[in-house]
Amino acid sequence: KQEVTQIPAALSVPEGENLVLNCSFTDSAIYNLQWFRQDPGKGLTSLLLIQSSQREQTSGRLNASLDKSSGRSTLYIAASQPGDSATYLCAVSPQATDGLTFGKGTHLIIQP
Amino acid sequence: GAGVSQSPSNKVTEKGKDVELRCDPISGHTALYWYRQSLGQGLEFLIYFQGNSAPDKSGLPSDRFSAERTGGSVSTLTIQRTQQEDSAVYLCASSQAGTSGLTPGDTQYFGPGTRLTVL
């Protein structure tokens with residue numbers, strides 16, 4: 001059974017810092033990996049999707065990498081802002097149409 | 001365009017009652033997913049639909065849970081004889097996966113969720 005672990009569980013940093021969130025998964029037979037953010041009381045917003053054949057994806061200040069063979073992904077956030085404060089979730093899928101297996105998330109606080 | 005919508009946003013019910021939760025996916029999305037997020041727990045996958053068919057129902061927690069989708073669009077998740085442990089936020093997502101097979105067709109877009117409280 002696939003298990004997804006996210007480290008750290010919580011992180012608080014001053015505004016402007018660059019930071020890295022980590023995600024690991026036990027079964028490397030994945031189809032894709034997605035990073036989401038969840039704001040309190042709201043649904044999930046997709047940030048980046050990396051197909052299993054890809055190494056990284058970038059969107060603005062966000063960069064996600066994937067090392068499928070070692071079962072790891074990282075989300076890099078550059079020049080953090082208070083608006084980046086949220087819970088960040090990593091999720092993997094074994095097939096294109098399968099449900100996602102989520103980690104428990106990293107609760108990120110950016111201090112103004 | 002409009003995103004995934006869910007109704008109701010909040011539902012409070014008494015133990016033993018039946019509830020229906022509704023999900024309206026993004027127009028044109030053939031794949032639809034239901035998840036549950038319990039307090040202090042991670043997101044748990046329940047079921048997905050490709051068109052009107054649900055190939056895999058093994059994620060449903062018990063036989064009190066059922067889901068259907070009609071016309072390849074709206075889906076309802078029904079919980080019969082609700083229990084207190086059913087209290088959670090139920091999230092719905094949709095994607096184009098299975099239609100184009102192209103990135104970002106696989107991206108799942110989530111609705112705001114239905115918060116269910118069973119007293």
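Each chain gets a letter, A, B and so on, in the order its sequence line appears, and its residues count up from 1. Here the structure is a predicted model, which is why all the values come from computation and not from measurement.
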* Structure fact -> Of all heavy-atom pairs linking A:S80 and A:P14, the shortest is OG-O, 3.6 Å
* Side chain / backbone / both / neither for B:L91 at chain A, heavy atoms under 4.5 Å -> side chain
* To do: Would you indicate whether B:L39, at its atom CG, is surrounded by more than 12 heavy atoms from other residues, nucleotides or ligands within a distance under 6.0 Å?
  => no
* **Side chain, backbone, both or neither of B:Q37 within contact of chain A (heavy atoms, under 4.5 Å)** => side chain
* Closest non-hydrogen atom pair, A:L66 against A:S52 -> CD2-CA, 4.1 Å
* To do: Against chain B, label A:L48 side chain, backbone, both or neither, depending on which of its atoms sit under 4.5 Å from a heavy atom there.
  => neither
* Within 6.0 angstrom of B:Q83 CD, more than 12 heavy atoms from elsewhere -> yes
